[in-house]
A.B. asks: 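Okay, handing you the structure first.
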Amino acid sequence: MFDTHTIARQLTGAGLTTEQADVITDAVRQAADHGDYATRTELESLATKVDLASLEARLTWRFAGAILAQTLAILGGVLAMLRLLD
(Lines give C-alpha, C1' and ligand atoms only; values in the text may rest on other atoms or scores of the structure.)
Protein backbone atom coordinates (compact mmCIF):
# COMPACT_ATOMS: atom_id res chain seq x y z
CA MET A 1 0.00 0.00 0.00
CA PHE A 2 0.96 3.59 -0.31
CA ASP A 3 0.42 6.65 1.84
CA THR A 4 -2.54 8.51 0.36
CA HIS A 5 -1.97 11.50 2.64
CA THR A 6 1.58 11.95 1.31
CA ILE A 7 0.36 11.72 -2.27
CA ALA A 8 -2.39 14.27 -1.63
CA ARG A 9 0.16 16.64 -0.05
CA GLN A 10 2.47 16.26 -3.06
CA LEU A 11 -0.39 16.99 -5.46
CA THR A 12 -1.50 20.07 -3.56
CA GLY A 13 2.14 21.16 -3.37
CA ALA A 14 2.27 20.92 -7.15
CA GLY A 15 -0.63 23.36 -7.44
CA LEU A 16 -3.76 21.22 -7.43
CA THR A 17 -6.68 22.05 -5.19
CA THR A 18 -7.38 19.84 -2.21
CA GLU A 19 -10.48 18.48 -3.93
CA GLN A 20 -8.52 17.60 -7.09
CA ALA A 21 -5.79 15.93 -5.05
CA ASP A 22 -8.37 13.92 -3.09
CA VAL A 23 -10.11 12.71 -6.25
CA ILE A 24 -6.83 11.66 -7.89
CA THR A 25 -5.61 9.97 -4.72
CA ASP A 26 -8.91 8.08 -4.33
CA ALA A 27 -8.78 6.93 -7.96
CA VAL A 28 -5.22 5.66 -7.57
CA ARG A 29 -6.07 3.91 -4.28
CA GLN A 30 -9.13 2.21 -5.83
CA ALA A 31 -7.12 1.03 -8.81
CA ALA A 32 -4.45 -0.37 -6.51
CA ASP A 33 -7.05 -2.05 -4.29
CA HIS A 34 -8.75 -3.72 -7.25
CA GLY A 35 -5.58 -4.70 -9.01
CA ASP A 36 -6.45 -2.54 -12.05
CA TYR A 37 -2.84 -1.96 -12.99
CA ALA A 38 -0.21 -3.69 -15.09
CA THR A 39 2.90 -5.04 -13.48
CA ARG A 40 6.32 -4.69 -15.06
CA THR A 41 6.32 -8.41 -15.88
CA GLU A 42 2.96 -8.13 -17.65
CA LEU A 43 4.15 -5.16 -19.69
CA GLU A 44 7.38 -6.92 -20.66
CA SER A 45 5.42 -10.03 -21.62
CA LEU A 46 3.08 -7.94 -23.76
CA ALA A 47 6.02 -6.20 -25.45
CA THR A 48 7.56 -9.59 -26.21
CA LYS A 49 4.29 -10.84 -27.71
CA VAL A 50 4.03 -7.72 -29.89
CA ASP A 51 7.63 -8.13 -31.03
CA LEU A 52 7.03 -11.79 -31.88
CA ALA A 53 3.84 -10.98 -33.77
CA SER A 54 5.65 -8.33 -35.79
CA LEU A 55 8.50 -10.72 -36.53
CA GLU A 56 6.05 -13.44 -37.57
CA ALA A 57 4.29 -11.07 -39.98
CA ARG A 58 7.57 -9.98 -41.57
CA LEU A 59 8.77 -13.56 -41.98
CA THR A 60 5.45 -14.64 -43.46
CA TRP A 61 5.67 -11.95 -46.13
CA ARG A 62 9.31 -12.80 -46.87
CA PHE A 63 8.49 -16.48 -47.29
CA ALA A 64 5.51 -15.60 -49.49
CA GLY A 65 7.78 -13.43 -51.63
CA ALA A 66 10.36 -16.20 -51.90
CA ILE A 67 7.72 -18.72 -52.93
CA LEU A 68 6.37 -16.31 -55.54
CA ALA A 69 9.87 -15.70 -56.92
CA GLN A 70 10.54 -19.45 -57.16
CA THR A 71 7.20 -20.02 -58.87
CA LEU A 72 7.94 -17.34 -61.44
CA ALA A 73 11.43 -18.75 -62.06
CA ILE A 74 10.02 -22.25 -62.62
CA LEU A 75 7.32 -20.93 -64.97
CA GLY A 76 9.94 -18.95 -66.87
CA GLY A 77 12.06 -22.09 -67.21
CA VAL A 78 9.11 -24.12 -68.44
CA LEU A 79 8.18 -21.46 -71.00
CA ALA A 80 11.80 -21.29 -72.21
CA MET A 81 11.85 -25.09 -72.65
CA LEU A 82 8.55 -24.97 -74.56
CA ARG A 83 9.98 -22.37 -76.93
CA LEU A 84 13.00 -24.60 -77.59
CA LEU A 85 10.69 -27.47 -78.53
CA ASP A 86 8.87 -25.42 -81.16
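Just so you know, residue 1 is the first one in the sequence shown, and it goes up from there.
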A.B. asks: Quick check for you: to the nearest 0.5 Å, what is the distance between Leu79 atom CG and Ile74 atom CD1?
C.D. replies: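 Here the interatomic distance stands at 12.0 Å.
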A.B. asks: Closer than 3.5 angstrom, by distance alone: can the side chain of Ser45 be matched with the main-chain N or O of Thr41 as a donor-acceptor pair?
C.D. replies: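 Absent.
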A.B. asks: So, taking the atom named CH2 in Trp61 and the one named CG in Leu68, what distance separates them when rounded to the nearest 0.5 Å?
C.D. replies: 10.5 Å
A.B. asks: Only counting residues at least two apart or in another chain, list the ones meeting salt bridge (charged side-chain N to carboxylate O under 4.0 Å, His left out) with Asp26.
C.D. replies: Arg29
A.B. asks: Got a second to check how far Thr60's OG1 is from Arg62's CZ, nearest 0.5 Å?
C.D. replies: 11.5 Å
A.B. asks: Checking Gln20 side chain against Thr17 main chain: does a donor-acceptor pair fall under 3.5 Å?
C.D. replies: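 Looks like yes, one N/O pair under 3.5 Å.
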A.B. asks: Anything under 3.5 Å between a donor and an acceptor, one on a side chain of residues 6-14, the other on a protein residue two or more places apart or in another chain? List them.
C.D. replies:
{"residue": "Thr6", "atom": "OG1", "partner": "Asp3", "partner atom": "OD2", "Å": "2.4"}
{"residue": "Thr12", "atom": "OG1", "partner": "Ala8", "partner atom": "O", "Å": "3.1"}
{"residue": "Thr12", "atom": "OG1", "partner": "Arg9", "partner atom": "O", "Å": "2.9"}

A.B. asks: CG of Asp22 to NE2 of His5: how many Å apart, nearest 0.5 Å?
C.D. replies: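 Between atom CG of Asp22 and atom NE2 of His5 there are 10.5 Å.
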